[in-house]
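In what follows, chains are A, B, ... by sequence order, proteins preceding strands, each numbered from 1.
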2 protein chains.
Amino acid sequence: MDTAIICPRFESAISLLSQRWTGLIIYQLLSGPQRFSHLTDVIGISGRLLSERLKNLEAQGIVTRTVYPETPVRIEYELTEKGFSLKPVMDEIQNWSQVWIDPIETK
Amino acid sequence: MDTAIICPRFESAISLLSQRWTGLIIYQLLSGPQRFSHLTDVIGISGRLLSERLKNLEAQGIVTRTVYPETPVRIEYELTEKGFSLKPVMDEIQNWSQVWIDPIETK
DNA sequence: TTCTTTAGTTACTTTATGTAACCAATTATA
DNA sequence: TATAATTGGTTACATAAAGTAACTAAAGAA
């Protein structure tokens with residue numbers, strides 16, 4: 001019985017990225033702090049799910065939420081160091097996609 | 001209106017990895033060809049979903065399926081070059097997880 | 001007072017996933 | 001000959017997650 005077990009830390013990390021939208025949110029935030037409505041526009045996610053995902057990412061220390069009490073209120077989401085350090089992962093996904101994904105079928 | 005659009009190839013790649021189990025299956029197959037039942041055991045995925053995912057990965061040219069008509073039949077799943085070239089992505093996820101995931105809470 | 005804007009939330013429908021029982025093919029065993 | 005064992009699935013059904021669209025709170029502007 002070759003019961004080679006998968007590294008729990010890897011499993012935890014991949015379960016984060018396996019959650020729908022999470023990878024895209026992090027990727028998008030790599031280009032700097034952004035507000036809620038901008039994220040919905042650019043990513044194409046609904047407010048309901050974006051709200052849920054951002055709360056989750058905040059709870060995991062990947063994203064911070066900052067309130068600017070202007071009018072109307074401005075709230076910005078930004079990657080923490082932990083979040084930003086996912087850049088090499090995103091870069092490799094980008095690299096792979098440039099080589100292997102046909103731009104015509106793009107899903 | 002800053003309608004910066006997300007690269008469609010990146011989006012396509014991340015939607016692949018955002019599908020539950022897909023990342024783990026690819027990661028596991030990086031260590032060599034493996035059969036159906038071994039994958040269910042190691043990954044902890046049900047036969048129903050493993051079957052679905054493998055068909056999908058095969059259709060995308062990421063995995064091949066080989067039948068060995070022994071007794072009982074042996075069927076092996078193996079990464080293609082396209083699949084194997086996701087190794088750098090998996091390596092970076094691994095790296096990140098070693099630095100940022102606390103082994104105690106592991107999800 | 002009514003309107004706008006941002007950042008959400010709520011209620012409801014549709015899709016994806018989890019679970020467990022079942023099936024076909026093939027050979028070994030009683 | 002009938003029964004069992006093994007692999008690689010599939011089917012049917014229950015539960016969880018995601019999609020959709022309407023709604024809300026806060027706060028200043030018209």
Using a 4.0 Å heavy-atom cut-off to protein, can you give one letter per nucleotide of nucleotides 10-24 of chain D, 5' to 3': B if the base is in contact, S if only the sugar-phosphate is, - if neither? BBB-----BBB----
Between the protein and nucleotides 24-28 of chain C, which nitrogen or oxygen pairs come in under 3.5 angstrom?
unit_1, atom_1, unit_2, atom_2, d
C:dT26, O3', B:T71, OG1, 3.3

Close side-chain approach of A:I93 and A:Y27, heavy atoms under 4.5 Å: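 No, their side chains stay 4.5 Å or more apart.
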Can you find a heavy atom in the side chain of B:L79 that is under 4.5 Å from one in the side chain of B:V63?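 Side chain of B:L79 against side chain of B:V63, heavy atoms only: contact under 4.5 Å found.
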d([atom1], [X]; [atom2], [N]) in whole Å:
{"X": "B:L50", "N": "D:dG8", "atom1": "CG", "atom2": "C1'", "result": "10 Å"}
{"X": "B:R74", "N": "D:dG8", "atom1": "CZ", "atom2": "C1'", "result": "14 Å"}
{"X": "B:Y77", "N": "D:dT7", "atom1": "OH", "atom2": "P", "result": "14 Å"}
{"X": "B:D41", "N": "D:dT6", "atom1": "CG", "atom2": "C1'", "result": "13 Å"}
{"X": "A:Q34", "N": "C:dT6", "atom1": "CD", "atom2": "C1'", "result": "16 Å"}
{"X": "B:H38", "N": "D:dT6", "atom1": "NE2", "atom2": "P", "result": "18 Å"}

Test of understanding: with ring pair (Phe, Tyr, Trp, His ring centres under 6.0 Å), list the residues that count as partners of B:Y77, not counting sequence neighbours.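 Partners of B:Y77 by the ring pair (Phe, Tyr, Trp, His ring centres under 6.0 Å) criterion come out as none, since no residue qualifies.
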Report the residues that fulfil side chain to side chain donor-acceptor pair (under 3.5 Å) with [X], sequence neighbours left out, ordered by chain and then residue number.
{"X": "A:W21", "result": "none"}
{"X": "B:E78", "result": "none"}
{"X": "B:E76", "result": "B:R74"}
{"X": "A:E81", "result": "none"}

Atom pairs and distances, donor-acceptor, side-chain atoms in residues 40-47 of chain B, under 3.5 Å, two or more places apart:
unit_1, atom_1, unit_2, atom_2, d
B:T40, OG1, B:S37, O, 2.7
B:S46, OG, B:L49, N, 3.3

Any residue meeting side chain to side chain contact (heavy atoms under 4.5 Å, CB included) with [X], in chain and number order, not counting sequence neighbours:
{"X": "B:Q34", "value": "B:Q28, B:L29, B:S31, B:H38, B:L39"}
{"X": "B:K87", "value": "B:L30, B:F84, B:D91"}
{"X": "A:T22", "value": "A:L16, A:Q19, A:I26, A:R53, A:L57"}

Given axes from five pairs at either end, by how many degrees does the helix from C:dT1-D:dA30 to C:dA30-D:dT1 bend, rounded to 10°?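 Overall, the helix from C:dT1-D:dA30 to C:dA30-D:dT1 bends by 30° from one end axis to the other.
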Are OP1 or OP2 of C:dA7 and a side-chain N or O of A:R35 less than 4.0 angstrom apart? yes
